[in-house]
There are 2 protein chains.
Amino acid sequence: MKIGELAKRTEVPTRMLRYYEEQGLITPRRQQNGYREYDEYLVDRVKKIRGLLDSGIPTRIIGDMLPCLNQPQEIVVADPDPELRAMLVRERDRMTERIALLEHHTHALTQYIAAMDRSLAATTETRLPQ
Amino acid sequence: MKIGELAKRTEVPTRMLRYYEEQGLITPRRQQNGYREYDEYLVDRVKKIRGLLDSGIPTRIIGDMLPCLNQPQEIVVADPDPELRAMLVRERDRMTERIALLEHHTHALTQYIAAMDRSLAATTETRLPQ
DNA sequence: GCGCAACGTTACAGTCATGTCAAGGTTGAC
DNA sequence: GTCAACCTTGACATGACTGTAACGTTGCGC
């Protein structure tokens, strides 16, 4: 498929798809006219890249991490490199910290929103009797 | 306190403290010699700013959001601006999405790490009998 | 074939949160 | 007085986008 279709299916702008290619995360083939030609499996890959970037993982690390997230039923580890393992543990722990932080903030925001709603309801009520 | 102490206590580099000031998130007073003078309450504020930035909220939004996260016992909403409310809901929902994503990835990574460990244990075992 | 919209290409500039460094002023200890 | 440790501003670099300009390709109606 061409870049436009991939963009639609992944909701990642074409601009970003070209950027990820520049960063070596995906390497589409080229048609004779120079257009990029994307294989089906890249749809999933791109979605995964987006997810990881949204999680705050830099492209450089995503490159090493991606093969570890392809879990076709059974996880097969070809080369249990201890350095890779350490990196994965480090990143996972950072993710866990971020989760805690985000949960704290969502909670605080939810409370504030509820307070706004109460305040709004109160002013509406006081106005009603008029 | 001076910038260095604040940096130590918040673990935010001085560079960033100056940047947050540039973005209008904090406004320290100045000593006669031009040094920035930070009040005690800014320690908390800076930590909050960091947390929000780590959660992927841009400084521009943090500025509007900060007053909503000061919960001194009871939340008092002065002006229940519906636009502000919408912004807060939007950001909270984005945070919730990020949490789901992060949880998914931490889970995947944990599984992969476990697989690496099993693989490593297996190779160690097969070597043991020798 | 012509025109034209929709799509593709590269390349360069700008943004945002950071990092890093230079050049210089201030303070405090010895 | 000098030296380290601290502060100041300012400039340039980087990583992940984001926008846009300038231009080539494709496919459709006419």
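By convention in this document, chain letters (A, B, ...) are assigned in the order of the sequence lines, proteins followed by strands, and residues within each chain are numbered from 1. Just so it is clear, the structure is predicted and the values come from calculations on it, not from any experiment.
Taking B:Asp117 as the reference, A:Arg85 meet the side-chain hydrogen bond (donor to acceptor under 3.5 Å, both in side chains) condition, with sequence neighbours excluded. The side-chain hydrogen bond (donor to acceptor under 3.5 Å, both in side chains) test applied to B:Thr14 returns B:Arg18, not counting sequence neighbours. Remark: B:Ser55 pairs with A:Leu101, A:Leu102, A:His105, B:Ile57 by the side-chain contact (heavy atoms from CB on, under 4.5 Å) rule, at least two apart or across chains.
Between B:Leu17 atom CG and D:dT8 atom C1' there is a gap of 14 Å when expressed in whole angstrom units. Rounded to whole Å, atom C1' of D:dG24 lies 15 Å from atom CD1 of A:Ile3. Look at NZ on A:Lys2: it is 7 Å from C1' on D:dT26, rounded to the nearest Å. Counting to the nearest Å, the P atom of C:dC7 and the CG atom of A:Leu6 are 15 Å from each other. Rounding to whole angstrom units, CZ of residue A:Arg18 and C1' of C:dG8 are separated by 7 Å.
Side-chain atoms of B:Arg45 and B:Tyr38 include no donor-acceptor pair closer than 3.5 Å. For A:Arg92 and B:Tyr112, the side-chain atoms include no donor-acceptor pair closer than 3.5 Å.
A donor-acceptor pair under 3.5 Å is formed between the side chain of A:Asn33 and the backbone N or O of A:Tyr35. Between the side chain of B:Arg98 and the backbone N or O of A:Asp54, at least one donor-acceptor pair lies under 3.5 Å. The backbone N or O of B:Tyr41 sits nowhere less than 3.5 Å from a side-chain atom of B:Asp39 that would complete a donor-acceptor pair.
Proximity of residues 49-62 of chain A to DNA chain D (heavy atom under 4.0 angstrom from any strand atom) is restricted to A:Arg50, A:Leu53, A:Pro58, A:Thr59. Contacts between residues 19-42 of chain A and DNA chain C, defined by a heavy-atom separation under 4.0 Å, are made by A:Arg30, A:Gly34, A:Tyr35, A:Arg36. Against DNA chain D, the stretch residues 88-104 of chain B makes no heavy-atom approach under 4.0 Å.
Here B:Arg36 pairs with B:Glu21 in a salt bridge; the nearest charged N to carboxylate O distance falls below 4.0 Å. Ion pair A:Glu5/A:Lys2 not flagged as a salt bridge, since none of the NZ, NE, NH1 or NH2 atoms sits closer than 4.0 Å to an Asp/Glu carboxylate oxygen.
Counting only heavy atoms from C-beta outward, the side chains of B:Arg9 and B:Glu40 approach each other to under 4.5 Å.
As judged by a 4.0 angstrom heavy-atom cut-off over every strand, A:Pro13 is placed among residues making no nucleic acid contact.
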